[in-house]
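See structure below.
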Amino acid sequence: MKILGIETSCDETAIAILDIEENEDGMSVKILANEILSQIELHRPYGGVFPNLAKREHEKNLEPILHKAMIAAGFLEATERDGASPSDSPAGEYAYSKKAAAIGAIAVTQGPGLEPCLWTGITFAKKLAEKWNVPLIPANHMEGHIVAALLKKGRGENEFVFAAPEYPSLALLISGGHTEIVLMREFGKYEIVGKTRDDAVGECFDKSARLLGLPYPGGPEISKLAAEARKENLKLDIELPRPMLDADNLDFSFSGLKTAVLYATKDRKLSPDDIKKFAREIEEAITDVLIGKMEKAIEKYSAESLVAGGGVIANTFIRSALQKLADSYDIPLYLPHTSHATDNALMIALAAYFKRKNIHEKDFGAEGNLRIG
Ligand code: KG4
Ligand code: ZN
């Protein structure tokens, strides 16, 4: 089955086309197209994602990205327009009538995310589904991050194999808007067993980075400087807090860490080495908390496998700390291919594929606070 996914929940406009095949050997996922347009440069001056700007960019970019994806998948020649000029009615002019016949369903992110952005993707997807006369499947963005982690590299260049994890499985979802530990006792059944009470991990990285005078998004910046600090043996002379690490639950709180960075850096002129030292301490404090909570969760639920997803999982220090944790319990850890860690549409198409048989409601809208489980 060929399925086209659309993702517009935050500041990436993405469209992917997957060819999914199931047989006795399992489930193979061929990535026919995986187009992502990041708006990071546009939002950088604002120090974060500016929702109305993001919405406008999604509106502008969805149609050209669809065009690119159709070419990448081989459904359209690069010179072919299949329709008139780009119009302000998405999917109106670009009918791709004959070529699109191969696509069996369209998937779109319903939530969670920024509502104006989600609506842009949903409106576009609805028109396209109507035009092509194919089912439209809503997908949960966070579930997308989980299933993306379960794709293993296959034989061919764009070929992957999907395999369900060993149960019970614990997923750590860490992104700019989310910090959750999700328990899965069986495929497709989710229960949030721990979450942040204030800032998300990515938000903590971004806000702390800003206090250090680093550009948005701060996660990759901190990660780069922290690695340099470790290499150069630079260490901060104070210890930042590890919030809620010792609390007897699986919840997180990161706003206190950011506040500690605020006070520790106030009235202090930071040298480049000081910034590296702070970056290292921030990354290590965050990692200690994540690992400590995951360890508690593994003990509590006797987990047989770990899954991790979300933009922050691009962080190599956190990835290797999670790997060490999994190894110490002798259980597998499923991580997304680094290029599938940040927001993309292939994870949306994949999450929707599993839901295709349980779509009872024909109409749906954006749900900014959509939960998993
Ligand atoms: O999942 P994502 O792409 O978008 C959301 O749904 O939020 O995650 C974006 C977040 C940002 O906060 C960014 O700073 C963080 O992921 N991030 C990182 C790294 N790469 C991206 N945080 C720490 N280390 C990284 N290498
Ligand atoms: Zn995300």
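If you're wondering where the values come from, they're calculated on a predicted model, not measured in any experiment. Order of listing sets the numbers, starting from 1, for every ligand and every atom in it. Side chains are part of it too, since the values below use all heavy atoms of this structure and drop only hydrogens, waters and symmetry mates. Quick note: residue numbers are just sequence positions, from 1.
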Of all the atoms in ligand 1, which lie at a distance below 4.0 Å from a heavy atom belonging to [X]?
X	value
Pro217	14 (O)
Phe205	22 (N), 23 (C)
Gly202	12 (O)
Gly177	7 (O)

Give me the nearest non-hydrogen protein atom to [atom] as residue plus atom name, then the distance to 0.1 Å.
atom	answer
atom 24 (N) of ligand 1	Asn315 ND2, 3.1 Å
atom 15 (C) of ligand 1	Val312 CG2, 3.8 Å
atom 22 (N) of ligand 1	Gly219 CA, 3.3 Å
atom 1 (O) of ligand 1	Gly311 N, 2.9 Å

Task: Glu284 and Arg230 ion-paired at < 4.0 Å - done: yes

Open item on the list: Taking the ring centre of each residue, are His340 and Phe160 less than 6.0 Å apart?
Closed with: yes

- [ ] Run the ring-centre check on Phe187 versus Phe354 and record whether the distance is less than 6.0 Å.
- [x]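 So the answer is yes for these two rings.
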
Open item on the list: I'd like to know: is the Zn ion (ligand 2) within the 2.8 Å range of an N/O/S atom from Cys10, strictly under that distance?
Closed with: no

TODO: For the atoms NE2 of His145 and OD1 of Asp343, give the angle they form at the Zn ion (ligand 2), rounded to 10 degrees.
DONE: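 Vertex the Zn ion (ligand 2), arms to NE2 of His145 and OD1 of Asp343: 90°.
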
Taking [Y] as the starting point, is it possible to reach [X] by hopping between hydrophobic residues whose side chains are less than 4.5 Å apart?
X	Y	answer
Ile298	Leu245	no
Ile146	Leu183	no
Phe252	Leu325	yes
Ile291	Phe205	yes

Open item on the list: In the structure I gave you, are the side-chain heavy atoms of Leu172 and Leu170 within less than 4.5 Å of one another anywhere?
Closed with: no

- [ ] Using a 4.5 Å cut-off on heavy atoms from C-beta on, say whether the side chain of Asn158 contacts that of Leu32.
- [x]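 The answer is no; the side chains never approach within 4.5 Å.
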
Residue portion contacting ligand 1 (non-hydrogen atoms closer than 4.0 Å) for [X]:
X	value
Pro220	both
Asp206	side chain
His145	side chain

Open item on the list: Quick test of your reading of the structure: of Ile174, Ile318, Ile40, Asp343, whose heavy atom lies closest to atom 5 (C) of ligand 1?
Closed with: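 Among Ile174, Ile318, Ile40, Asp343, the closest heavy atom to atom 5 (C) of ligand 1 comes from Asp343.
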
Task: Selection from Gly176, Ala341, Gly218, Gly113 by shortest heavy-atom distance to atom 7 (O) of ligand 1 - done: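 Looking at heavy atoms only, Gly176 sits closest to atom 7 (O) of ligand 1.
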
TODO: Could you walk me through whether Thr109 and His141 pass the side-chain hydrogen bond (donor to acceptor under 3.5 Å, both in side chains) test, one step at a time?
DONE: CA-CA 6 Å; Thr109 310; His141 181 92; 4.7 Å; no

